[in-house]
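The first residue in the sequence is number 1, and the count goes up from there. We count ligands from 1, going down the list as the structure has it; atoms in each ligand are counted the same way.
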Amino acid sequence: MADQATRLRQMVHSESPQTPISSTQAEAWANVRVIAITSGKGGVGKTNIAVNLAIALRNRGHRVLVIDADLGMANVDILLGATSRKHLLDLIRPEVSLEDVIVETQHGLQYISGGSGIEKALEYDHAEKVLLQQKLADCAARADIILVDTGAGLGRNVMDFILAADEVLLVTTPEPTSLTDAYAVMKAYSIYASQKNLRLIINRVYEVKESREVAQKLQRAAEKFLHMPVDCLGYVFEDTSVTKAVRRQTPLLNAEPNTAAARCIDALAEALITGNEMHVKRGWKGFLQQIFKFST
Ligand SMILES: Nc1ncnc2c1ncn2[C@@H]1O[C@H](COP(=O)(O)OP(=O)(O)OP(=O)(O)O)[C@@H](O)[C@H]1O
Ligand SMILES: [Mg+2]
């Protein structure tokens, strides 16, 4: 272990004496849109929305990378019917390159599995973090949009990802428990996020009116108690085609693009592209720096 750490330190220092990022790299990184998809309660549809949203964005000509950062239940690959041989943290091994951990799926998406134990990255020493960051930097050259599928709840790792991303999509269903937990996420975000850009997605609704009522409840609470304006990006209908697609391990947008749920997710992609984007973006650079806690 000690030997590996020493080797890493030597490698990193020989490549980059002080700063972990070159200025040209930094410029490219800043232009990538980094969007975290999260929820308070688990099982509300984050991963299905992340994967299908990625396909809808891809269909609009964007280069999309999905990062599965759900520590407990990494399952983006299950929905994509893809297998990743290597995980994000394998990058810490000198012989592993970014190409080795990125899976190009048959759906035209790029995908990185966080694997279990991504939280270990936070405990890496400076040299190891620099190495990881240097290798991950090149994601910015391969994608215009990076979607980060986080776990549910307020755990340290989930919060780290949410706070590092420029945009947050908070998924909730109309169930009271899901709403209460979504509010808890909004509250933590309102306290800790330096630039606030959180939008709601209401999943599993039976009618449009229901989605409006649910969104308004959360928006009013955010306004009144957190003094934070929150937009709603859209809603997704309750639809058995979602479960069927999961069982077939084929993304809904490919398997049944004309179902109600698929059309809703397509509309979410349209809203993401045409809606207001952040004025001050930190991009992939800001995301990595925040995750690895670099000050520059
Ligand atoms: N719009 C929908 N209509 C019907 N069923 C849905 C819908 N969205 C999600 N589901 C069901 O909920 C299940 C859980 O979805 P998903 O795995 O995307 O949730 P998640 O929030 O990522 O869960 P976790 O917190 O465990 O990561 C799906 O397998 C599917 O059966
Ligand atoms: Mg999930």
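Ion pairing between E256 and R263 fails under the 4.0 Å rule for side-chain N and carboxylate O. Looking at K41 and E175, a side-chain N of the basic residue comes within less than 4.0 Å of a carboxylate O on the acidic one, giving a salt bridge.
Counting heavy atoms closer than 4.0 Å to ligand 1, residue N203 contributes side-chain atoms (C-beta onward) but none from N, CA, C or O. Counting heavy atoms closer than 4.0 Å to ligand 1, residue T47 contributes atoms from both its backbone and its side chain.
Contact atoms of ligand 1 toward V246: 29 (O) (distance under 4.0 Å to a heavy atom of the residue). The distance from ligand 1 to the heavy atoms of F237 drops below 4.0 Å at these ligand atoms: 1 (N), 2 (C), 3 (N). Every atom of ligand 1 is numbered from 1 in the order shown, and the set under 4.0 Å from a heavy atom of G42 is 25 (O).
Taking only nitrogen or oxygen atoms, main chain and side chain alike, K46 reaches within less than 3.5 Å of ligand 1. Residue-to-ligand polar distances place G45 within reach of ligand 1: an N/O pair is separated by less than 3.5 Å. Some N or O of V44 is nearer than 3.5 Å to an N or O of ligand 1, by distance alone.
More than 12 heavy atoms of other residues, nucleotides or ligands sit less than 6.0 Å from atom CZ of R248.
Residue G43 places a heavy atom less than 4.0 Å from ligand 1.
Side chain of R199 to backbone of D231: no donor-acceptor contact under 3.5 angstrom is found. Without hydrogens or angle criteria, R60 side chain to A56 main chain gives a donor-acceptor distance under 3.5 Å. Under a 3.5 Å cut-off, the side chain of D138 and the backbone N or O of A141 do not form any donor-acceptor pair.
Distance check for N48 against the Mg ion (ligand 2): none of its N/O/S atoms falls below 2.8 Å.
Evaluated for a side-chain contact (heavy atoms from CB on, under 4.5 Å) with I145, the options I35, V32, V34 yield exactly one hit, I35. A side-chain contact (heavy atoms from CB on, under 4.5 Å) with T172 is found for one member of V185, I202, V44 and no other, namely I202.
When T240, T259, D239 are ranked by how near their heavy atoms come to atom 3 (N) of ligand 1, first place goes to D239.
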